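Data block below; observations after.
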Amino acid sequence: MYTPKTFSLKGKTALVVGASRGLGRGIATAASGAGASVIAVSRGATTFPDPRSGAGGVHAVVADAADPSVPGSLVDQYDPQILVLVAGASPLMRPLQHHTWESFSANWNADVRIAFHWLREALLKPLRPGSRVVVVSSGAALAGSPLSGGYAGAKATQRFITGYAQQEADRADLGITFTALMPRITPLTELGRPAVRAYAARDGMSEEDYVKQLGQPLTPEAAGAAVVELAGSDGAGIAPAYLLTASGLQKIA
């Protein structure tokens, strides 16, 4: 079981894109608990519990993360030192031959588009020196995902362009750290549950047995703790990409 370290984000502003549910909500809540002022961006209205005494707070903003005008507007308005991108489309779970091009490419038109526009804005503004940008990709980028159309490829592309953004930040001596986070499939989110159900059926297993073989599931709280760790650590020690499981962060070469 992952035992997170304690980091303080007091005095920092964290902008979490895709914060209404699942891992995004866990990340926004954890950042607030660590003392950050959190701007929680989602397409629908949502509320967050009051933070514990002495911690930061969460301000919910309704916006479409895929709208190319939104990143510049919100980054200019809130000037975050921490930017976390979690938003994306939920893939349609079916074998390749049962996809249409529209369903197959859904995550290219959402997840990759979102990462492109927000990373571009982080470089153009640019964010302040010392800022951290975390792009939440997926473990599918490493292992594939044969029932989710172009999802795995889209998530791999998110990882690639996060690396490209780091190269451009280094070339311009911006002092911004970019990293990609690849969480393993978990039944504890609205994104993961349909995938678990589909793969269990494909393998002729019950959902319970399929979940057991996955091991300890990743929770939104553990994802939040991992992002707080990345945001609070020395930038020089942050890797370009990490696999995220219930055991914590594992660097990917």
Side-chain angles (χ1 to χ4, degrees), residues 1-10 12 14-36 38 40-42 46 48-52 55-56 58 82-88 90 111 132-143 145 151 155 158-159 162 177-197 199 207-208 210-235 237-252:
M1 175 61 70
Y2 175 49
T3 303
K5 301 176 183 177
T6 300
F7 292 89
S8 175
L9 303 181
K10 188 175 181 180
K12 295 185 178 181
L15 203 161
V16 181
V17 182
S20 64
R21 60 185 182 176
L23 300 188
R25 186 175 181 84
I27 291 166
T29 301
S32 172
V38 178
V41 181
S42 61
T46 188
F48 288 83
D50 292 333
R52 61 180 181 268
V58 181
I82 302 163
L83 175 61
V84 186
L85 306 180
V86 196
S90 295
D111 306 46
R132 308 292 164 78
V133 179
V134 179
V135 177
V136 179
S137 172
S138 170
L142 303 173
S145 182
Y151 178 78
K155 290 302 185 180
Q158 284 188 310
R159 178 189 177 187
T162 301
T177 301
F178 295 81
T179 191
L181 200 58
M182 281 161 279
R184 185 166 287 168
I185 185 175
T186 174
L188 302 181
T189 66
E190 291 182 35
L191 177 69
R193 279 192 293 274
V196 166
R197 191 177 306 120
Y199 281 109
E207 289 182 44
E208 182 180 5
Y210 189 84
V211 168
K212 283 181 180 178
Q213 78 170 10
L214 293 176
Q216 185 71 27
L218 173 67
T219 66
E221 292 76 15
V227 170
V228 167
E229 179 178 339
L230 291 174
S233 299
D234 181 359
I238 295 177
Y242 293 87
L243 177 67
L244 175 60
T245 71
S247 299
L249 296 164
Q250 302 173 32
K251 291 184 179 181
I252 299 173

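Fair warning: this is a prediction, and the values are worked out from it, not measured in the lab.
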Notebook entry, point to check: Any donor-acceptor pair under 3.5 Å linking the side chain of Ser32 with the backbone of Ala28?
Noted result: no
Does the side chain of [Y] come within less than 4.5 Å of [X]'s, by heavy atoms?
X	Y	result
Thr245	Arg184	yes
Leu230	Tyr242	yes
Ser138	Tyr151	yes
Val84	Val136	yes
Phe48	Arg25	yes
Leu85	Asp111	no
Thr29	Val58	no

Which heavy atom in [X] sits nearest to a heavy atom in [Y], and how many Å separate them?
X	Y	answer
Ala246	Pro217	CB-O, 3.6 Å
Lys155	Ser137	O-OG, 2.8 Å
Ile82	Ala231	CD1-CB, 3.8 Å
Thr179	Ala239	OG1-O, 2.7 Å
Ala225	Ala30	N-CB, 4.0 Å
Arg21	Ser90	NH2-OG, 3.9 Å

Notebook entry, point to check: salt bridge (charged side-chain N to carboxylate O under 4.0 Å, His left out) with Arg193: which residues, sequence neighbours excluded?
Noted result: none
Next item on the list: Verify side-chain contact (heavy atoms from CB on, under 4.5 Å) between Ile185 and Val196, making sure each step is shown before the conclusion.
Entry: CA-CA 8 Å; Ile185 185 175; Val196 166; 3.9 Å; yes
What's the separation between atom [atom1] in [X] and atom [atom2] in [Y], rounded to the nearest 0.5 Å?
X	Y	atom1	atom2	value
Ser247	Leu218	OG	CG	10.0 Å
Glu229	Leu249	CD	CG	5.0 Å
Thr186	Leu188	OG1	CG	3.5 Å

Next item on the list: Flag yes if more than 12 heavy atoms outside Glu208 fall under 6.0 Å of its CD atom; otherwise flag no.
Entry: no
Next item on the list: Apply the side-chain contact (heavy atoms from CB on, under 4.5 Å) test between Thr177 and each candidate in Ile238, Val134, Val133, Asp234; give the one that qualifies.
Entry: Ile238
Notebook entry, point to check: Which residue, Val227, Val135, Leu243, forms the side-chain contact (heavy atoms from CB on, under 4.5 Å) with Leu181?
Noted result: Val227
